[in-house]
Amino acid sequence: MKQSQKPKYNMWQNTLFLLSTAWHSYKSVPLLCVGIALATAGGTIAQLLIAPAVLQQVEIHAPLETLVGVILAFGAALFVLYGLKAYLTENALYGRIALRTRLLMQADSKIADTSFSNLLDTNFLKSSEKAVTVCSSNEESTEAIWTTLTDLLTNLIGFGVYLALLSGLHPLLLAVVLATTVAGYLFSNHINAWVYRHREEEEEYWNRFGYLQRTATDRAFAKDIRIFGLKPWLDQVLTRLQRLYQDYLKQRQRHYLWIDVADLVLAFARDGIAYAYLIWLTLTQGLPVSRFLLYFTAVSGFTQWVTGILSKGTELHRQSLDISLLREMLDWPEPFRFAEGKPLPCTPDMPCEIRFDHVSYRYPEAEQDTLHDIDLTIHAGEKLAIVGLNGAGKTTLVRLACGFLDPTEGRVLLNGQDIRQYNRRDYYALFSAVFQDFSVLEASVAVNVAQRVEEIDTVRVWQCLELAGLAEAVHALPQGLDTKLGRKVYEDGVELSGGQTQRLMLARALYKNGPVLVLDEPTAALDPLAEDDIYRKYSQMTVGRTSLFISHRLASTWFCDRILFLEQGRITEQGTHESLLAANGGYANLFAVQSKYYQEGGSDDGNNNG
């Protein structure tokens, strides 16, 4: 479901969803809600009754021991009820956190496992961001809703009891109480609606504060701040942002002030009418003082119960909107088949022919295709290079080959079969790959290479590091393969250079040992000589294995069986390095430009070193 104005699920559906989820995993959560509500309402009712009960005993001249007994009985009841409430509230926290964490894990799993094409959809990205936020803290709706439900149930219980107590009074008094209560609620709700409508404005302020804080303290910006003297500019931006935020807070507080004024006026009117009516009953009908106190206190309490029901109902509705966002993201449709797809066995020596059958692809919301009518067969065991200028469609072609995207038109075939029929995770297992935007785990070198925590073949890890040209550097690290990478988790972590990190990624791809090897600009951070060294090793390592290489340096693809030259989403030339040079087309022209650049660069380096 794409983002829409109207939520997919209503308040009752979302409440039942959470109750059902809790009942099947943490039954204590709803049960404790009921227990807390009963204890809270019971304590409030006991407080209401204690003073009138004592006064009644005084009025009838009850013996002292009876009076003391009544006081002790109510005291014991209050002690038990408030003690029980505190105990249940403390224990309710654990189940609520566990349930919220469970929902957060479901959201994280959805994001981690979703079809890659969903990650290119801005609607899904926005939805997933909101879904994670909804589960991110104790104050968010997935946990706070249990407090709301508890308070709502408490108010309903109190409303019923107080209504029974006041049933002996004139209906007009109850009508006045209800009318003033509802009027106060509607007025405050109208004012609060302004605050709610402007919540995104406040969130934007906090996002800007967060960005400034990260920019000012992140080491990635430290050099620029010092070299370019950015501190005064950052101070100016912060000062201006603080001034704007203060103006917003002043507006918000003015709205809250009107709520307080309205509450004061309506409370004065309500209590004045109730007080006058009860005095009239006392003077004309002999209403006892104990009953006078009971009724007058109950009128004020009755107002609070009604207000509580209305406000908690509104709060439940708003929390339901957040939960609906979470559920919509969890229900987001998957264009790929996973467990329901056809199984696809994988072995390292499995022959893999990949065919593009008149494939075109257009990214979401793009105005034109990135790839146009690609008709291509990548033969099993072939080393294929894909080259071209930036934006030619090289990475998109590889994404289609790897199954990260499905064609807008045409088919991608594996050994003659449409890949859309397979379990997509089984299909991914065919590929060992290094992409431009790779990730390094905050873990040991061995874990980063093997991509697992247990049963790591250290001999094989060393072999892959050797082939990638990183073994000597790892031997020099303080703890060898056990050296932790990165400093966000481990204080003694080590940070690799850009070139070393890319060699680490190459070693990781080798360790997986999939039947298809994909290298998408894997040596961009290396100099031409180091790049040539790695590609010579790959030429030896990929014998008999289907291999795809993307590079913007044409000279690095000399060892490939075939080279595709892409321009504006189309294959304009293909052949060996020598045949493409002989054709004197776009490939040859680009190669000549790059060769001249490297020759000039080499000459300059030589002069500088000399």
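Numbers for residues simply follow the sequence, beginning at 1. Everything numeric in this text was worked out from a predicted model, so none of it was measured.
How far CG of L38 is from OG1 of T150: 10.5 Å, rounded to the nearest 0.5 Å. Going from atom OG1 of T148 over to atom NE2 of H317 covers 13.0 Å, rounded to the nearest 0.5 Å. Going from atom CH2 of W305 over to atom OH of Y162 covers 6.0 Å, rounded to the nearest 0.5 Å. Atom CD of Q304 is separated from atom OG of S311 by 11.0 Å, given to the nearest 0.5 angstrom. To the nearest 0.5 Å, atoms CG (N448) and CG (L441) are separated by 4.5 Å. Going from atom CG of L321 over to atom CG of L326 covers 13.0 Å, rounded to the nearest 0.5 Å.
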### Message
If you apply the rule side-chain contact (heavy atoms from CB on, under 4.5 Å), what do you find for L18 with L103, and how did you get there?
### Response
CA-CA 10 Å; L18 275 185; L103 294 172; 3.8 Å; yes
#### Entry: Derivation and outcome, side-chain contact (heavy atoms from CB on, under 4.5 Å), residues Y26 and R102
CA-CA 10 Å; Y26 303 98; R102 180 186 181 93; 4.1 Å; yes
### side-chain contact (heavy atoms from CB on, under 4.5 Å) assessment of V161 paired with T44
CA-CA 11 Å; V161 173; T44 304; over 6 Å; no
### Task
Would you sort out whether R508 and K512 count as a side-chain contact (heavy atoms from CB on, under 4.5 Å), showing the intermediate values?
CA-CA 7 Å; R508 184 176 73 176; K512 184 181 178 184; over 6 Å; no
### Task
May I have the step-by-step check of ring pair (Phe, Tyr, Trp, His ring centres under 6.0 Å) for F404 and F435, ending in yes or no?
CA-CA 12 Å; F404 293 135; F435 300 105; 5.6 Å; yes
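When all heavy atoms are compared, the tightest approach of C135 to T142 is CA-OG1, 3.5 Å. Shown here for P30 and L19, the closest heavy-atom pair between the two residues is CB-CD2, 4.2 Å. Residues A41 and T154 come closest through the heavy atom pair N-CG2, 3.8 Å. Smallest separation of non-hydrogen atoms from I279 and F292: N-CE1, 3.7 Å.
With a 4.5 Å cut-off on side-chain heavy atoms, L496 and V440 do not count as touching. V489 places none of its side-chain heavy atoms less than 4.5 Å from the side chain of K484. Within the 4.5 Å cutoff, the side chain of R96 has heavy atoms near those of the C33 side chain.
Remark: the backbone N or O of G403 is paired with a side-chain donor or acceptor of R424 at under 3.5 angstrom. Distance alone, capped at 3.5 Å, is enough to place a donor-acceptor pair between the Q13 side chain and the N10 backbone. Judged purely by atom type and a 3.5 angstrom limit, S115 has no side-chain atom pairing as donor or acceptor with the backbone of N118. A donor-acceptor pair under 3.5 Å links the side-chain atoms of S128 to the main chain of L125, judged by distance alone.
Below 30°, between 30° and 60°, or above 60°: for Y245 and F209 the angle between ring planes is above 60°, a perpendicular geometry. Classified by interplanar angle (parallel below 30°, tilted 30° to 60°, perpendicular above 60°), the ring pair F124/W332 is perpendicular.
Ion pairing between a basic and an acidic side chain is recognised when a charged N comes within 4.0 Å of a carboxylate O; D235 and K231 show such pairing. Between E334 and K110, at least one side-chain nitrogen of the basic residue sits less than 4.0 Å from a carboxylate oxygen of the acidic one, meeting the salt-bridge criterion. Comment: K312 engages E315 in a salt bridge, judged by a side-chain N to carboxylate O separation of less than 4.0 angstrom. Checked for salt-bridge contact, D406 and R337 miss the test: no charged N lies under 4.0 Å from a carboxylate O.
Other residues, nucleotides and ligands contribute only 12 or fewer heavy atoms inside 6.0 Å of the OH atom of Y211. The number of heavy-atom neighbours closer than 6.0 Å to CD of Q451, taken from other residues, nucleotides and ligands shown, is above 12. Other residues, nucleotides and ligands contribute over 12 non-hydrogen atoms within 6.0 Å of the NZ atom of K27.
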All N/O donor-acceptor pairs, side-chain side in residues 73-93, below 3.5 Å, sequence neighbours left out:
| residue | atom | partner | partner atom | Å |
| --- | --- | --- | --- | --- |
| Y82 | OH | Q47 | OE1 | 3.3 |
| T89 | OG1 | K85 | O | 2.7 |
| N91 | ND2 | Y87 | O | 2.8 |

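A centroid separation of 6.0 Å or more is found between the aromatic rings of Y427 and F336.
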